[in-house]
Every structure is written in C-alpha cells, then in structure tokens.
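Each chain gets a letter, A, B and so on, in the order its sequence line appears, and its residues count up from 1.
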Amino acid sequence: MTTLKSPVTLTIDGKSITVEKGTYVIDAARQAGIHIPYFCSHVKLAPDANCRMCLVEVEKMPKLQTSCNLPVAEGMVVRSTSEKAEQAHKSVMDFILANHPLDCPMCDQGGECELQDRTHAYSDNYSHYTEAKRLPEKRYFSPYIEREMSRCITCMRCVRYCDEVLDVKAIAAVNRGDRVEISTFMDRELDCEFCGGCVQICPVGAFTNRVALYDYRPWQLKKTETVCAYCADGCTLTLESKVSENQIVRVTSDWEKGRNLGDLCAKGFFGYHMINSPERVAAPMIRQDGRLVEWPWIEAIEAAAQRLSEIKRRYGAEAIGGVISARCTNEEAYLFQKLLRLAIGTPHVDSSARDGHLNSVRALTRVAGHGRMTAPYEAIEAARVVMVIGADLTETNPITALKVKAAVRKHGANLITVGPYLKEIGPISNLVNLSQAPLTVTPGSESMVVRALVKAVVEERLIEPSVAAQAQTYVARVEAAVTQLPWPVAEARTGLSADAIKAAARSLSGAERAVVLFGPELTRQAGGYDAVCALADLAILTGLYSKPGSGLNPLCEENNEMGVVEMGAAPEFLPGLIDVRNEAARLRLREAWKEELPSATGWSLTQMLEEARQGRLKALYLVGEDPLGSLPASSGVRQALQSLELLICQDPFLTETGRLAHLVLPAAGFAEKEGTFTNHEGRVQRVRRALEPVGEALPDWDIFGQLAAGLGHPLDYASAGEITDEIRRVLSDRPDGRIDGAVMAQYLADLTAEELEARYRPGPGAASERGRGGGSMTLVISQSLFHSGKLSRRASELMRIEPEGRLQLNPSDAERLGVEDGDMVRLRTMDGSASREAVVPAVRRAKIAPGFCRFPGHFPEAGVKELVDWSVDPVTQTPYFRSGRVMIEKAVGAAATASVQAAAREGV
Amino acid sequence: MASRITRLLKTIFLVEILRGLTLTFRHLFVRSITRQYPHERPDVAKRFRGVMSLLRYQDGGEKCVGCGLCEVACPSNVIKVVSAEREGTPLKRYAREYWFDLSRCVFCGFCVEACPVDALAMTPNYEYATTNKRDLLLSKETMLALGDQYFPNQPPKPAYIGSCESEMYLLSAKQQHYPTKSDDQG
C-alpha cells in the first residue's frame with residue numbers, strides 16, 4: 001500500500017479505515033468496500049450534494065450528512081446502515097420515484113440504470129405518492145441526443161460535466177422546483193461538440209443516444225475494449241456490438257480506464273458507422289480492360305507477387321516503393337517495412353506520418369532521442385503553465401484539450417495560446433477563452449513567435465540555471481544567433497508586442513512545471529522542421545527537458561503516426577528510430593533478422609511521387625493511403641500515379657487513388673483486427689477485434705504475410721501477437737520514452753553556430769513567408785472536431801453533423817464582403833497569370849482572427865486544396881500544402897452547395 | 001399343501017380369467033376415456049400453455065413495446081425482437097419485427113411472465129403440426145392474428161399517467177414540430 005501524506009483514520013459501519021486527508025466520506029467508504037448509494041456524485045465531477053441519496057449518520061453531528069461532500073476527519077464514526085440512515089435512503093428514493101415514470105421497458109437505459117439498481121436495493125416496494133406525476137412538455141432536442149425530461153432526477157451531472165469537464169456549457173437547468181428541466185439556451189436545437197458525455201453520465205434515461213435509439217438492450221451487447229482509430233489522443237473505447245449482426249451498435253467508455261478516463265469526442269462517440277459502412281470493399285479487385293473486377297484472393301495475391309517480382313527483375317528492387325497509412329497498427333507497419341526491405345529489397349518505405357509529424361520526430365530525435373511527448377497527460381493536468389502553439393486543440397485533439405482545460409479549471413494553471421485565434425463563446429469550446437493573456441498572432445507566424453520566445457528567454461536572462469551551467473557553448477551560440485532576429489522584425493511579422501512575448505517567456509521559464517504543446521499549424525506549415533528545432537531550443541533553455549513535470553509535447557493527427565515511424569516505416573529510420581545510416585545499429589538489426597537489409601536511405605513519399613513522374617519508380621504499394629485525394633493537383637500526384645506500371649491499393653474503402661489502381665486489396669478496419677497503437681504520448685495500447693471482417697477483407701498484416709510468401713520470402717506469423725513479441729525482442733534495447741541524456745549532450749555539443757544562425761535569421765520577407773497567391777486573406781486548411789482525415793467521411797452520423805466544408809472567417813471580414821452564414825464565397829488565387837478558384841459556403845466565427853480564414857481539409861472535393869501553395873521541406877521532405885493567400889468575394893448566384901458541386905465533379 | 005390345491009382349483013375353474021372379464025364387462029357400462037380425435041376434441045384447461053400469441057388493446061393498438069424482456073427470459077432462444085421508434089411519434093417504442101421459433105419452444109411460459117405489459121399470451125392451440133417446418137417460425141403478424149382469434153376481448157390501454165407512454169403526452173409531442181428519424185436522413 002502506498003504511504004499517505006497525511007493519513008486520517010475513521011470508522012465507517014464499524015470498519016476502521018485510514019485514508020488521505022481531504023478524501024470525502026463516500027470515497028473512503030468505497031475504499032473500505034462499503035457502498036453508500038448516490039446519484040449526483042461522480043468520479044469526474046466536483047461534489048454537488050443535490051440528490052441527498054448519500055445521507056449517512058455521523059456521531060456527534062445532530063443531523064444526517066451527505067457523505068459525497070463531507071471530508072473525512074480524525075476519529076469520525078460514520079454509519080450508513082443505521083436505522084436513521086436507511087430510513088433516509090428510503091424517503092429520498094420515495095421522493096425521486098414520485099415523479100419518475102414506470103417506462104423502464106421502453107427506456108434505453110433499462111438494464112444499466114442507476115435508478116433501477118438503487119430502487120431494487122434501497123426502496124420499499126411501495127410509494128406514498130398517489131397524485132398525478134409531473135409531465136413536462138415534450139420538445140424536440142437533437143437528432144443525435146434524445147432528451148426525455150419526465151425521467152430526469154435533476155442530479156445535474158450532465159450540466160456539470162458539460163461545464164466542468166468539456167467547458168462547453170451547452171445545457172443548463174431552467175425553471176424551478178418540480179418544473180426544472182435541462183435545456184439549451186432559449187430551448188434551441190442542441191448545437192454543441194456532441195461528445196456524448198451527457199448521455200454517458202446520465203444515471204437514468206433522461207439523455208439517451210438517439211442514433212442507437214431502441215437498437216439494443218444492454219445485455220445483448222458484446223463489449224470489446226479497444227483504442228479509437230481517429231486521432232492520436234489514444235482514447236480507450238468500448239465497442240458494443242451485436243454478434244449475430246456483426247455490427248457495432250454503440251460506443252461507450254469506462255470512466256476509470258484508458259488515457260481518456262471515459263471522456264470521448266464526437267468522433268469516438270458517434271463516429272463508429274464507418275466500420276459497418278456499406279462502401280467497404282468486400283473482395284479483391286484487379287484491373288481488366290480498364291475496369292476493376294472482383295477476383296479471388298489467392299489469384300490476386302499471386303498476381304501482385306508475380307508483377308512485383310517482374311518489376312524487380314526488370315528494373316531492380318529500387319523501382320518499387322511502399323507507403324503505409326498511420327492508421328495501421330504497429331505490427332502492420334513493422335511487417336510492411338520488413339516486407340519491403342527484406343522480401344522486396346527496396347529502401348523506399350514511407351508512411352502518412354511524413355505529412356508533418358516527421359518534422360517533430362526528426363527534430364526531437366536529434367535532441368532527445370525520441371519524438372514522443374515528454375509530459376504525459378497527467379503532467380499536462382498538473383502543470384502550472386501550459387502553452388499551446390499552432391493548434392486549435394479542441395478541433396485537432398479534443399481529449400488532450402480536456403487535459404489542458406482540467407489544468408486551467410481544476411488546478412489553476414496559466415494557459416498561453418499562440419495562434420490566429422480570438423475569444424469566442426460558441427457551441428464548440430475554445431481554449432483561448434481560458435487563457436488570461438492569449439497571444440493572437442498574424443496567421444502563419446507561429447514559427448516566428450517561437451524564435452521570438454527564444455530571443456526573449458535569452459535576452460531576459462530566463463535560462464534555466466542548470467542548462468546555463470552545463471551547456472555554456474550552446475547557450476553562447478544561441479545568444480549570438482538570436483541577434484539575427486531584431487525585435488521590430490519579430491513584432492511586425494507576428495503582430496505581437498515584444499512585451500507580450502517577453503511576458504509569455506517569463507511565465508514559461510518561471511513556472512515550476514511547464515508544458516508546451518505544438519501542433520499542425522507549426523509542423524505542417526512551410527519551415528516546419530526549423531520551427532520544431534527552434535522550439536526544442538526553447539524547451540532546452542527554459543528547462544522543459546530537465547524540470548520534472550515539464551515537457552515538450554508534439555501533437556499528432558492520425559492515431560498511430562508515432563507508432564509507424566517508430567516501427568521503421570520511414571526511409572530514414574529503421575525500427576526503433578535508428579538512423580538508416582547508423583552502420584552499427586543496422587548490423588545489430590541484421591543479427592536479429594538474420595538477413596541483409598538495404599543500406600541506402602530510401603525515398604520519402606514526396607520523392608517517390610517525383611521519381612514516379614521521372615519514370616524511376618515503377619511500382620507503388622499503398623496501404624490505406626490516398627495521395628490523389630489528399631494532395632493538391634499542383635503536386636503532380638496524378639501524373640505520378642498514372643506513370644506507374646503497378647499500383648497496388650490496400651484499403652478498407654475504394655479511394656480516389658484506388659480507382660486508378662491495378663490491384664485493390666480489401667483490408668480490415670481497426671475494429672476487425674488485433675494489434676497495438678501508439679498514441680502521441682508514446683503509450684502503446686492494445687487494439688482488440690470486435691467484429692468479423694466485412695466480406696473477404698483481411699487484416700493488413702495477414703495480407704503482407706501472404707504477399708511475402710508469394711514473393712518466395714516467407715514472413716510467417718500466426719497472429720498479430722507473434723509480431724508484437726518479435727518487435728519487443730528486436731527493440732528491447734531501445735529507450736522507453738525517457739529523454740536520452742547522451743543524445744542531448746551530443747546535440748548540444750554538435751550544434752554549429754552556422755546552423756543556429758540560419759535557424760534564427762528571419763526569412764526574406766513577409767511575402768514569401770505568407771505564401772504566394774496574391775490575395776489579402778491567409779487561408780489555412782485545418783482539421784475539424786467532427787472529422788479525421790477522410791476516414792470520418794464514411795461515418796454517416798459525423799457526415800450528418802458536419803456534411804460539408806465551410807470556410808470560417810471573422811465576422812468583420814464577413815461584413816466587409818457582405819457575407820452571411822451559409823452564403824457562397826469564391827476563393828481565388830493568382831499564380832502568375834493562371835487563376836484558380838473554388839466556391840464554398842462561408843460561416844462566421846468570432847474565433848478566427850481578422851485577415852485569416854480556414855477550411856477543413858476533410859472535404860477535398862470542394863477544390864480548396866488546389867488553391868494553396870505546394871512546397872517540400874528541404875530537410876525532412878515533408879509536403880506543405882495547407883496554407884496560401886487568397887482573394888475572397890461573395891459568389892453571387894452560386895446557389896449550388898459544395899456537395900452538389902462534388903456530385904457534378906464526380907460525374908465528369 | 002392347501003395353497004397348492006387352491007391354486008390348482010383356481011386354474012381349473014378359470015377364476016382369474018373370470019375376474020379379469022368381470023372388469024372388462026364392468027367397463028361396458030362406464031363412460032369411455034379414449035376420445036375419437038380429431039372427431040372429438042378435448043376441452044383444455046384455462047391456463048393451458050399452447051402456441052404463443054401477441055395481444056392488442058381494445059382500440060387495436062399493439063400491446064408489445066418491444067422491450068426484449070421475453071427474449072432474455074426465454075431459456076431456449078426462441079424469440080427475436082427488433083424494436084424501433086414508431087414513425088412520427090417520438091419515443092414510442094414498438095416491435096418492428098417479432099420472431100417466434102415455435103419449433104424450439106418448450107412452452108415454459110417464462111416469456112409471458114416476463115412481459116411487463118401483458119402483451120404475450122399462450123393460446124389453447126396445440127394443433128400446429130405442419131409438413132413445412134418453416135411455418136413454425138411465427139412472425140409478428142401471425143402472432144397478432146392468433147391473439148385476435150383466441151383473446152378477442154382485451155381491455156383498453158391503461159392511462160400510464162406521468163409516462164411518455166401516455167396518450168396525452170404523445171399527442172402533445174406530435175403537435176409540435178418533431179422530425180422523425182427518416183426525415184433527418186432524407
């Protein structure tokens with residue numbers, strides 16, 4: 001047993017128990033194995049003591065006490081089963097049941113209802129109440145969440161959760177007494193984050209899931225605990241399925257399990273329909289006479305193997321490349337790179353983590369030996385200062401955002417947000433609202449803010465003393481380098497005053513525990529690698545790497561970006577983030593695999609496309625990747641794919657790229673396979689199989705194994721678990737997420753003054769930094785809370801919540817353009833003489849800074865991705881295609897919505 | 001010795017046969033027990049457990065709310081209920097499909113006991129032999145027809161005051177704008 005800081009001993013029902021000071025009696029009783037009944041108390045919420053169910057008798061106290069908000073005291077004697085307490089429980093039950101209808105048979109909560117259970121345990125089988133029950137008026141609430149107020153016991157858990165945990169405040173109690181109702185502002189239709197928290201936390205059936213309404217009874221469902229496949233937060237989900245129908249019926253999450261502790265976002269709670277989507281590919285397909293025809297598995301694998309061997313024979317193994325999606329498991333990424341490196345013999349293996357995340361991994365691996373978060377979620381919650389740079393955290397990583405909210409709201413941390421965002425009260429929570437001094441910057445200048453922060457730290461003498469003492473040369477070089485960046489330039493580019501930046505630097509370095517989170521608006525924008533390097537400097541100088549409880553946290557979009565890179569699905573890394581050029585490490589790996597592996601550094605995704613256009617790459621094996629759908633046409637992706645001799649697409653769905661493929665192999669979804677995902681914290685979590693794969697689909701690792709056998713180089717594994725064991729064996733000597741001191745010392749010693757100077761030299765000017773296009777507004781292609789990549793486009797409910805991409809812009813800009821919500825606007829860019837345009841609906845968001853607009857990147861058919869600039873990072877080969885300068889005007893007479901246009905375009 | 005003589009005499013005078021025939025002749029004057037099924041049919045007991053049926057209220061509305069308690073009570077996995085919301089009436093639950101596999105039923109009556117709205121009743125019908133076993137999978141319509149046939153006089157629906165099952169409540173909800181599931185999707 002752990003030692004308690006200040007133990008308090010009390011007696012509950014004759015049982016003596018010692019607990020930590022400040023514990024509430026109800027929790028102390030739980031620790032002693034005594035159950036005190038309750039309704040309004042909840043592990044996620046502060047005590048409210050409004051239901052009165054948890055009354056207990058306490059010696060020397062004249063009246064009964066609510067145990068859920070009564071802190072323990074030394075020598076306290078509590079009785080929860082005394083006659084007086086039991087009588088109180090019965091009376092409270094009588095009051096609660098007075099107005100509760102007896103519609104358990106038709107209530108979806110029936111069978112898992114806390115009121116049902118307590119009624120069986122604590123109520124007399126008799127009601128003193130004979131008058132008519134209250135009957136609130138039935139009013140429409142939401143197509144996703146059903147509200148039935150006659151069942152409400154007014155415990156306020158939903159209201160408190162929405163406020164305390166989510167910081168959304170979408171619902172509140174209106175009216176008084178027995179007329180009290182949970183409602184939205186002015187009784188409008190519910191418009192919120194749709195996290196489903198109110199449904200999950202409701203002890204009765206007042207809030208139920210309307211999407212799964214009457215589709216199940218709790219006891220019919222098979223529960224499978226797995227990890228969400230949308231974003232990299234790594235939430236534990238319980239997929240509840242009907243075995244006979246092989247269908248997910250609903251998703252829940254245990255309040256005491258996983259990294260999310262029961263909290264979900266709309267994607268987790270309502271996004272499960274993509275698993276059973278009717279659009280799934282059910283059988284392998286081969287291109288014959290220009291059309292894709294269904295084909296038996298054995299022959300499809302044979303054809304793939306035969307054609308790959310032929311290309312290898314004719315052009316050499318180097319003419320074959322492979323890209324795996326970061327939505328695949330670690331086991332699959334590991335096997336994929338083994339298949340390409342060993343069975344085929346090519347070094348060209350990459351993953352979708354190239355799109356931004358490799359910037360963080362490359363920079364941070366150089367500094368700390370790995371690219372994981374150095375402050376886990378618990379540390380974020382406990383931090384005194386949290387800085388969020390380059391991410392609208394609620395939209396990109398909603399559960400990480402909850403940790404930041406908890407840090408501010410529960411523990412009083414100081415939050416500094418850096419981004420082109422303002423305060424806004426809206427249906428979706430906004431971290432800027434929780435920030436006392438938010439840094440609202442010129443769009444696209446996040447990396448300049450980072451450099452200015454480093455300058456402030458150096459100039460204001462805010463360097464962590466231990467760092468200053470140990471790395472004097474490094475500090476001196478940084479000091480010299482930051483003089484390259486004059487304050488007036490930094491102020492002009494970022495739109496912030498030097499004082500504001502200095503204040504932020506002061507609170508960051510002065511904090512006992514500080515955490516910096518950085519996201520896509522830093523890593524996916526031009527110069528991302530340098531920006532992360534500068535951020536690493538900031539982390540080193542302010543002691544984020546050395547102070548316990550502090551850390552530098554990269555955020556990922558796709559669920560296993562961290563894992564696929566660590567598994568070696570990158571041309572520059574072997575499994576375990578070993579540099580391909582590291583001869584000694586490669587020899588060790590050769591020992592483990594007992595095979596020779598290619599020594600050259602391979603091509604990245606962007607290089608592969610370029611080489612395909614040049615005719616040097618002949619075959620491309622895409623696993624869950626859709627470059628045609630995600631990259632802009634200006635990258636030349638279509639020509640690249642069309643000049644290939646063999647394009648294999650392995651995907652659960654037929655993607656845009658899949659339509660060009662010579663061979664389409666149906667892959668199982670995340671709910672249909674076993675394996676592990678690594679979230680951005682670096683937690684490796686089990687993925688469990690809930691369903692049988694749709695049609696003939698197979699797990700990716702199984703397909704790789706079959707293909708390897710077809711290539712005459714068997715990679716035999718009976719299960720995903722065997723691959724996990726091999727990974728454990730091969731990577732047993734790799735660091736486990738702790739900062740590698742030797743690597744950091746090496747980095748500090750090796751860093752040249754020239755490199756540092758280049759890092760802090762401001763670019764040639766505003767025009768190139770903000771991009772071409774010639775417009776007056778900065779457009780950023782962003783992520784949306786309700787979508788994730790294009791996977792969520794297959795989830796019917798998420799598509800109902802957010803059916804089309806809308807251009808978000810500041811109300812003042814909208815007024816200038818004469819645009820109301822829902823009006824169509826025309827975005828135009830001028831690139832030399834060529835003009836490109838897209839017409840999309842607009843929506844006003846006070847959160848968006850003036851001069852800035854953003855469009856969710858999950859709707860490629862809107863054509864907005866064709867307007868942005870295309871460039872490739874010189875160091876990490878990361879493609880940048882998420883920002884540009886555009887001209888916006890109201891599209892008069894353009895009544896067609898984006899979805900209509902999409903349909904028209906598909907027909908062409 | 002004496003007993004052997006008695007036995008011999010009994011054998012000679014066919015006493016046992018006569019005794020047996022006496023019983024036979026006596027039964028010529030007793031009412032017969034064997035029934036000439038199918039010409040003669042038995043009266044079954046009032047609580048006889050025959051083929052299952054579904055009941056309606058007086059107004060013709062189905063009693064079943066599709067709660068699935070019969071399904072979970074059934075020891076031999078006979079019942080499958082597919083419940084849904086009644087179109088246009090928020091939260092009104094009903095069994096969109098109800099399947100009863102008579103070939104597996106053991107006539108224990110647990111489902112009837114489990115039903116919270118007394119929607120299930122066992123008819124006195126025991127004549128369900130068929131040449132096609134698929135006929136033994138009863139649909140909701142078949143079971144409702146059986147209910148109508150065997151239990152025609154059902155009481156009206158209780159008021160369910162203070163519940164969203166009550167008619168008053170359903171009417172008030174219907175009068176408002178309340179999109180249905182199919183509206184939303186359409």
Side-chain angles (χ1 to χ4, degrees), chain A residues 97-111 116 127 129-144 146-152 178 187 189 205-206 208-221 242 244-245 249 273 796-797 799-801 803, chain B residues 62-74 77 79-97 99 114-120 158-186:
Chain A
L97 290 174
N99 274 322
H100 195 83
L102 193 58
D103 57 2
C104 303
M106 45 164 300
C107 173
D108 259 345
Q109 194 82 358
Q116 254 182 351
S127 173
Y129 187 78
T130 51
E131 292 78 7
K133 290 181 187 247
R134 103 192 138 138
L135 194 56
E137 192 190 8
K138 178 78 189 163
R139 287 189 312 276
Y140 180 63
F141 192 59
S142 163
Y144 317 106
E146 178 59 54
R147 171 189 60 172
E148 178 43 56
M149 270 302 112
S150 62
R151 296 176 192 151
C152 179
D178 73 338
D187 210 25
E189 185 181 319
T208 47
N209 183 343
R210 184 158 251 287
V211 174
L213 189 72
Y214 300 161
D215 285 348
Y216 64 92
R217 305 257 57 182
W219 54 80
Q220 293 171 336
L221 301 175
K242 275 194 172 170
S244 57
E245 280 143 50
V249 177
H273 292 83
S796 55
E797 291 310 313
M799 283 308 286
R800 266 211 299 169
I801 295 175
Chain B
E62 293 161 24
K63 278 188 178 177
C64 177
V65 293
C67 69
L69 285 174
C70 47
E71 191 179 309
V72 70
C74 181
N77 240 337
I79 302 169
K80 179 179 165 64
V81 188
V82 179
S83 54
E85 189 183 29
R86 179 76 80 185
E87 285 293 305
T89 321
L91 284 186
K92 171 89 175 147
R93 188 176 186 141
Y94 82 116
R96 192 174 60 207
E97 287 173 35
W99 295 102
C115 184
V117 290
D118 292 338
L120 280 168
Y160 286 121
I161 291 176
S163 155
C164 55
E165 266 290 274
S166 77
E167 289 303 323
M168 187 182 90
Y169 189 77
L170 292 174
L171 278 173
S172 85
K174 252 201 271 187
Q175 279 158 8
Q176 299 178 54
H177 166 68
Y178 205 101
T180 61
K181 228 178 183 178
S182 56
D183 280 349
D184 298 333
Q185 279 153 1

Check: Is any side-chain N of the basic residue among B/Arg93 and A/Asp108 closer than 4.0 Å to the acidic one's carboxylate O?
Finding: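 The answer is yes: the pair qualifies as a salt bridge.
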Note to self: With side chain to side chain contact (heavy atoms under 4.5 Å, CB included) as the test, pick out the partner of A/Pro105 among B/Cys67, B/Cys115, B/Ser83.
What the structure shows: B/Cys67
Notebook entry, point to check: Going from CZ on A/Arg210 to CG on B/Leu91, what distance comes out if it is rounded to the nearest 0.5 angstrom?
Noted result: 6.0 Å
Margin query: Looking at A/Arg217 and B/Leu69, would you say the former's side chain and the latter's main chain have a donor-acceptor pair under 3.5 Å?
Written below: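 No; judged by distance alone, with no hydrogens or angles, the pair does not exist.
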Check: Where the side chain of A/Tyr214 meets the backbone of B/Ala95, is there a donor-acceptor pair that is under 3.5 Å apart?
Finding: no
Notebook entry, point to check: Side chain, backbone, both or neither: which part of A/Glu245 has a heavy atom under 4.5 Å from chain B?
Noted result: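 Side chain only.
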